[in-house]
Protein chains: 2
Amino acid sequence: MELSDRKKLILRAVVENYIQTAEPVGSKAIVASAGLKVSSATIRNEMAELESLGLLEQPHTSAGRIPSPQGYRLYVNELMEEHRLTIQETQKINDALHLKIRQMDQVMSEAGKIISQLTRYPTFALATGSKKSVISRYDLLMVEENAFIAVLMTDGQVVKNKLFRVSEPVSAPQLQLLSTLLNTSFTGLTLDQLTPELLKVSAHAGEEAYSLISLVVSFAIEVLEEMENHVVHTAGIPSLLAHPEYQSLEKAEPLMNYLAEMGSDLNLPVIQDKNVKILIGPENLADELKDSSVIMASYDIGGGMQGVIGVVGPTRMDYADLAARLSYFADGLSRMFGKGEIPAPTEEE
Amino acid sequence: MELSDRKKLILRAVVENYIQTAEPVGSKAIVASAGLKVSSATIRNEMAELESLGLLEQPHTSAGRIPSPQGYRLYVNELMEEHRLTIQETQKINDALHLKIRQMDQVMSEAGKIISQLTRYPTFALATGSKKSVISRYDLLMVEENAFIAVLMTDGQVVKNKLFRVSEPVSAPQLQLLSTLLNTSFTGLTLDQLTPELLKVSAHAGEEAYSLISLVVSFAIEVLEEMENHVVHTAGIPSLLAHPEYQSLEKAEPLMNYLAEMGSDLNLPVIQDKNVKILIGPENLADELKDSSVIMASYDIGGGMQGVIGVVGPTRMDYADLAARLSYFADGLSRMFGKGEIPAPTEEE
DNA sequence: TTTAGCACTCGGGAGGAATGAGTGCTAAAT
DNA sequence: ATTTAGCACTCATTCCTCCCGAGTGCTAAA
């Protein structure tokens with residue numbers, strides 16, 4: 001069933017009033033804010049109907065109405081106008097992007113901090129993707145007699161390194177040999193393909209080579225595990241407390257703990273079709289989020305992976321504004337990854 | 001003036017009772033807990049004196065006593081018995097150390113998480129040291145025609161890398177040349193020595209070399225800046241809410257925000273003589289910490305740097321227990337850095 | 001110096017009245 | 001058929017007030 005235009009107008013007024021004031025919206029307030037030429041009694045009748053449709057609800061009998069999750073959903077889907085960012089806002093986001101993000105592997109952790117500062121909401125950031133990462137190349141660098149550095153690169157262009165200290169001395173030619181071996185036998189393999197393979201190689205090379213190889217390969221496994229584990233970075237969790245819906249500790253604490261501890265077992269649907277995805281109240285899978293909303297945007301990392309960055313807040317959020325900001329931010333990140341390089345401030349000369 | 005033994009006993013009983021119950025301690029409770037063969041009236045007299053000495057205070061007239069910051073300080077300095085960890089506790093810490101910390105550069109961020117989980121207090125972790133870091137070696141790895149990896153190692157044995165994409169194609173011999181140049185002219189320099197030097201080199205080599213060199217050097221500068229910036233990692237901030245002294249948002253919020261935002265401008269005295277340092281209430285420099293305590297332990301990173309890891313909580317903390325746990329944990333980290341290698345689970349066979 | 005006894009203080013919780021915003025419903029008006 | 005004015009009603013919130021009890025300080029005796 002389709003709502004009358006007037007009902008839509010009223011629902012929208014309720015949502016937008018409530019987003020601003022955080023107080024239940026009464027019929028008189030609607031008359032004042034929406035440009036309707038009807039009396040408050042009429043509004044009351046309409047609101048009663050909107051309530052029976054499940055779009056509005058009453059905290060208690062003698063209070064105004066607040067939007068239900070379904071009400072917000074309808075608002076987001078049909079009523080909300082796309083928010084246009086001001087030049088200042090885009091400028092702010094651009095500045096933050098370019099100033100703060102220096103190294104590619106900091107993107108995950110820094111992006112969250114930036115968004116959290118910009119929006120004053122808690123944020124989470126993670127990388128995802130169905131495609132399994134593989135190591136595309138190995139380099140071994142001799143440091144001294146019993147220390148060397150392994151540098152690994154994944155197909156997603158992520159580079160990781162680790163310093164190894166070993167008891168038996170190693171030589172440069174030896175490392176050369178090993179890295180050839182690694183590059184021929186241990187590249188292009190996904191995490192599950194990587195373990196049993198070890199044995200074969202130990203036959204070819206000597207005892208010592210075996211132990212070195214296994215050191216580097218177990219490092220490779222760590223790296224791949226880390227990539228698949230979808231570590232979730234969070235930032236700005238205490239910002240929650242600034243919002244009236246989390247003024248009571250019973251509300252705030254479970255959510256804050258959930259956010260602080262959301263590790264690999266994230267209960268969010270991370271696949272998304274469009275750039276921005278909004279989950280309202282009970283649409284969230286995690287119990288701790290049933291009374292909150294999540295707005296997230298995705299960006300392309302390359303190598304078949306995508307990054308997701310989102311904010312968490314009360315269902316009473318400025319969806320239009322946040323969606324626009326996140327989307328713009330995510331686009332900026334996509335662009336950075338697309339270019340494969342950070343537009344550092346030094347480049348602009 | 002030296003306190004009588006009985007006063008010491010009473011002070012200690014008050015502190016330890018209060019640490020456990022979080023409720024002001026009355027004279028009767030003291031009689032019951034401390035093994036004193038005197039009546040509650042005597043205790044009351046003694047407590048009145050302890051109060052006038054500034055060691056105890058009364059939340060309000062008709063309540064028991066709680067320790068003042070000076071009271072805690074005296075307790076920590078003289079009365080507290082060193083806490084012996086149980087086998088289980090040390091085991092737990094060892095397990096956490098070995099399981100969670102895989103790569104050296106994760107130590108900072110992981111250590112905090114571990115301690116926070118172990119203690120259920122918010123933690124902070126940072127690296128410090130008067131000595132300036134320098135880059136001790138550069139390696140350039142050719143990836144493809146217009147991409148290469150720079151691997152930098154500091155004198156503190158930290159290795160960082162970055163993938164560069166360049167518009168002009170580069171060749172392996174060229175990179176070889178550049179890395180020699182970098183290693184001869186740009187190693188052993190502190191952050192402040194690093195900038196003006198650039199010009200000299202541009203004369204030697206051609207145009208293109210210049211731009212590549214400056215790319216790598218500016219990365220080196222970023223790395224050194226990052227090391228000097230003493231980035232503070234925090235974890236477990238919401239754990240604060242579990243403690244009764246932070247049940248009211250007015251108390252909890254400023255502190256949580258402070259912790260969440262404590263960036264480079266950390267107002268803590270980071271130098272320390274012993275392994276563990278305790279700051280009680282107003283001994284803290286930051287206003288936000290005036291009603292809280294900080295317990296921190298340091299560990300040796302090598303290369304003239306030391307790491308600091310600490311917990312933040314109410315002044316009513318189990319100082320003995322936490323000091324012991326942190327100290328043990330920090331010693332474990334020192335050992336790891338001393339060996340220069342992570343005792344990975346795979347090695348234990 | 002210690003102790004028993006007692007009056008006193010004060011925070012915290014329970015109960016209850018006043019307040020007021022906002023409703024639903026009815027009956028008249030358009 | 002819809003809209004509106006009017007009015008009784010509901011209920012969260014605020015502000016008293018009262019009461020309780022834990023714990024104190026003080027006094028006077030041991």
Side-chain angles (χ1 to χ4, degrees), chain A residues 3-11 13-15 17-18 20-68 71 244-245 247-251, chain B residues 3-11 13-15 17-18 20-53 55-68 71 244-245 247-248 250-251:
Chain A
L3 291 177
S4 72
D5 281 356
R6 192 167 69 187
K7 282 203 179 58
K8 284 185 184 171
L9 214 56
I10 291 173
L11 175 58
V14 172
V15 172
N17 258 280
Y18 185 60
Q20 254 204 325
T21 65
E23 309 255 300
V25 185
S27 49
K28 285 196 200 137
I30 301 287
V31 176
S33 77
L36 285 171
K37 298 180 298 297
V38 291
S39 79
S40 64
T42 309
I43 305 284
R44 278 202 289 284
N45 290 328
E46 293 281 54
M47 289 209 294
E49 287 183 48
L50 283 168
E51 181 170 1
S52 70
L53 288 172
L55 298 172
L56 293 181
E57 45 195 39
Q58 256 180 321
H60 53 86
T61 323
S62 69
R65 300 295 206 300
I66 63 175
S68 73
E245 19 277 291
Q247 291 291 331
S248 90
L249 281 189
E250 303 86 74
K251 304 275 180 188
Chain B
L3 291 177
S4 72
D5 280 357
R6 193 167 67 186
K7 282 202 179 59
K8 285 186 184 171
L9 213 57
I10 292 173
L11 176 56
V14 171
V15 171
N17 258 280
Y18 185 60
Q20 257 206 325
T21 65
E23 307 255 301
V25 185
S27 49
K28 284 195 201 140
I30 300 288
V31 177
S33 75
L36 285 170
K37 297 180 300 296
V38 292
S39 77
S40 64
T42 311
I43 305 284
R44 278 202 289 284
N45 290 330
E46 293 281 55
M47 288 209 294
E49 287 183 47
L50 284 169
E51 181 170 3
S52 71
L53 289 172
L55 297 171
L56 293 181
E57 44 194 41
Q58 255 181 319
H60 52 85
T61 324
S62 68
R65 301 295 206 299
I66 62 173
S68 72
E245 19 278 291
Q247 291 290 331
S248 88
E250 303 86 74
K251 306 273 181 190

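Letters A, B, ... mirror the listed sequences (proteins, then strands); counts begin at 1.
Taking 4.0 angstrom as the limit, A:Thr61 places a side-chain polar atom (N or O) nearer than this to OP1 or OP2 of D:dC11. Proximity of B:Ser27 to the phosphate of D:dT24: a side-chain N or O atom is located under 4.0 Å from OP1 or OP2. Here B:Arg65 reaches the OP1 or OP2 of D:dG25: one of its side-chain N or O atoms lies under 4.0 Å away. OP1 or OP2 of C:dT2 sits under 4.0 Å from a side-chain N or O of B:Arg6.
Checking D:dA30 for Watson-Crick or G-U wobble geometry (two distances, each under 3.5 Å) identifies C:dT1 as its partner. Base pairing analysis places C:dT23 opposite D:dA8; the two distances defining the Watson-Crick or G-U wobble pair are each below 3.5 Å.
By the neighbour-count criterion of 12 heavy atoms within 6.0 Å, atom NZ of B:Lys28 is sparsely surrounded, having that number or fewer from other residues, nucleotides or ligands. Residue A:Gln247 qualifies as enclosed at atom CD: its count of foreign heavy atoms under 6.0 Å is above 12.
Computed from coordinates, the A:Arg44 CZ to C:dT26 C1' distance equals 12 Å when rounded to whole Å. Atom P of nucleotide D:dG23 and atom CD of B:Gln58 are separated by 11 Å, given to the nearest angstrom. As a whole-Å value, the separation of A:His60 NE2 from C:dG24 C1' is 16 Å. Rounded to whole Å, the distance from CD1 on B:Ile43 to P on C:dT1 is 16 Å. In this structure, the CD1 atom of A:Ile10 is 16 Å from the P atom of C:dG22, given to the nearest Å. The nearest whole Å value for the distance from the CD atom in B:Glu49 to the P atom in D:dG25 is 11 Å. When rounded to the nearest whole Å, the span between NZ of B:Lys28 and C1' of C:dA4 equals 12 Å. Atom CD of A:Glu57 is separated from atom C1' of C:dG22 by 17 Å (rounded to the nearest Å).
Atom CG in B:Leu3 sits 9.5 Å away from atom CD in B:Glu46 (nearest 0.5 Å). Rounded to the nearest 0.5 Å, atoms CG (A:Asn45) and OG (A:Ser27) are 10.0 Å apart. A:Gln58 contributes atom CD, which lies 5.0 Å from atom CD of A:Glu51 (distance to the nearest 0.5 angstrom).
Between the base of D:dT4 and the side chain of A:Ser39 there is no donor-acceptor pair shorter than 3.5 Å.
A residue-by-residue look at B:Val38 and B:Ser62 shows that B:Val38 has its nearest nucleotide of DNA chain C further toward the 5' end. Comparing B:Glu46 and A:Asn45, the nucleotide of DNA chain C nearest to each residue sits closer to the 5' end for B:Glu46.
Contact annotation for B:Ser40: no contact, since no heavy-atom pair falls under 4.0 Å across all strands.
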